[in-house]
Amino acid sequence: MSKITKKDVEYVAKLARLKLSEKEKEKFTKQLDQILKYVDKLNELDTKKVKPTSHVLPLKNVFREDKIKKSLEVEKTLENAPEKARGFFKVPKVIE
Amino acid sequence: MGYEAIIGLEVHVQLKTKSKIFCSCSTEFGALPNSQVCPVCLGLPGVLPVLNKTALEYAIKAALALDCRIAKESIFARKNYFYPDLPKSYQISQYEEPLSSKGFVDIITDGKLKKIRITRVHLEEDAGKLLHEEVKDSTLIDFNRCGVPLIEIVTEPDIKSPREAREFLAILKSILQYIGVSDCNMEEGSLRCDANISVRPSKEETGKRGNGETGKELGVKVEIKNMNSFKAVEKALEYEMRRQIKALEEGKRIVQETRLWDENKEITISMRTKEEAHDYRYFPEPDLVLMEIDREWTERIRKSLPELPEARKARFSRDYKIPDYDAGILTSSKELADYYEECIEAARRSPVADRRSPVAGRKFNKEIANWIMSELLRELKEGNIGIEECKARPQALAEMMTLIDKGILSRKMAKEVFVEMFETGEKASWIIKKRSLVQISDEEALTKIVDKILKENPRVVEDYKKGKEKALGYLVGQVMKETKGRANPQIVNKLLKEEL
């Protein structure tokens, strides 16, 4: 039984702001399904007594002191912006 | 039919750290747009966020002040959504294993103490600021605010009226200001509040219809955003309550949605329907490591907490024997409470304080409270300045109050003296000397003036003798006028009665 339907792919694509063609949808549905089935193997392990992993390294409490360092120059910050105006980044109007 | 509101609040508070939560950019408000950003807060590829220790400690401090339990282990999560205020397309926030949970705040409603439960207090980063109106068909972005540390405080739906919501916010603000973790300035956006509200028939109503159980069901909730002051929160919730009740009475369905408060029109406007609910696809943030907060650390922070407003209010009414109302106002901000206490302390130590006089006693404490609550707060409000910038220091006010107490200064003159003290910061005794404002208590001097006034007003004297009590007041007034308000009114009264 397939785990992923075309609907799921459309939903995820929408959340990721991706525009997919019908052909791509078919393709990704199949691929994602295969990936999930493969990963599903992990469910064969009994993890009841294993703590969920939040990080792969055994590190904790890594902090920095509350000190200000110099920020970027505004020109530098805006250098790669596709559009800018008056020191701001400029994007098509969004009102959610 | 009677209805009740069920309200839960979600409050975002900026922490007063010098630098941002995951990078070293300044958090200073009001800088030039995009002048306080770096590769980390801009979400450029290859950067690694590192947690600001002070931000975590402030968050723990706030959680403790709100009686929350601190998690032994806590992690950050990515909250994924596309909106241009977030350059990374995700916000670093907390989801599972938040910093703290299960706290409460006591508020006073209808004269009764009421617990508002806090679901959780967690840490996250603020987003950038969007300007929609500056350039046509465009949105401008300033990322200075992006990465400023925030705590999100979520309440249980324990709030039953718009009034209670406002009350809760006022207390929350004063607690956070007391412990010094935030300025809580709604105008500058360092405290922001969203609300969830639903309505349902009130308990009495469901009881009447004999189906008390159904009254426990919650109605469909609506989220309200864009409220920029405590007053706006109260007004928006009042409006929303009316709107929902009206819809229900007309047999309409309430739609689960987000609505924006329009301050000018004083209405809420639908923003988007929640039917297409946001799916944030939270997952643990792989760039940040586990936070382990041991008991010792928590206790050390707990010990650093100052006396909180509720406790201070109780102590003020107990120790200074002032009414609860006064104690509430005086402890509404830490600075004001400090001012009052310094004033009392200074008066006690003052060399002019006479042991037999009421100085340092209950009456005197109340006098100082009165003066602060009326004269001082009014001047502060008119000058639009905070108490910490006030030039009239508590020691100067204490000296003036002892001068009133000793009868050297009348209350009326004191008001003038105080205005000058407020402007210049000078001591009352100096202002009095400079303006020769000393009260005239000398009977000989006053008798001369009283005689003069009586001679000038034979008609009024007649009236008084015919039993018109009010005439005396007029004569006292004339004497005060002649002395430019410096005459001691008790003595003038006594002299006039003797002469008549």
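Given the structure is predicted, the values throughout are model-derived calculations rather than measurements. In what follows, every chain begins at residue 1, and chains take the letters A, B, ... in the order their sequences are listed.
Per-residue counts of heavy-atom pairs under 4.5 Å with chain B were compared for Lys69(A), Arg64(A), Lys60(A), Glu83(A); the largest is that of Arg64(A). The candidate with the highest count of non-hydrogen atom pairs below 4.5 Å against chain A, out of Leu131(B), Leu140(B), Ile293(B), Val135(B), is Leu140(B). For the set Thr77(A), Ile68(A), Asp66(A), the entry with the most heavy-atom pairs within less than 4.5 Å of chain B is Asp66(A).
At a 4.5 Å heavy-atom cutoff, the contact between Pro84(B) and chain A is made by side-chain atoms alone. At a 4.5 Å heavy-atom cutoff, Cys41(B) makes no contact with chain A through either its backbone or its side chain. With a threshold of 4.5 angstrom between heavy atoms, Lys136(B) does not approach chain A through any atom at all.
Counting all heavy atoms, side chain and backbone alike, Gly87(A) lies closest to Asn34(B) at O-ND2, 2.8 Å. Shortest non-hydrogen contact noted between Ala55(B) and Pro149(B) is CB-CB, 4.0 Å.
Counting heavy atoms from C-beta outward, Trp297(B) and Glu57(B) have side chains that approach closer than 4.5 Å.
Within residues 40-57 of chain A, the residues having any heavy atom under 4.5 Å from a heavy atom of chain B are, by residue number, Lys51(A), Ser54(A), His55(A).
Between the CD atom of Glu133(B) and the NZ atom of Lys93(A) there is a distance of 4.5 Å, given to the nearest 0.5 Å.
Between Phe76(B) and Phe22(B), the two ring planes are perpendicular [angle over 60°; tilted spans 30° to 60°].
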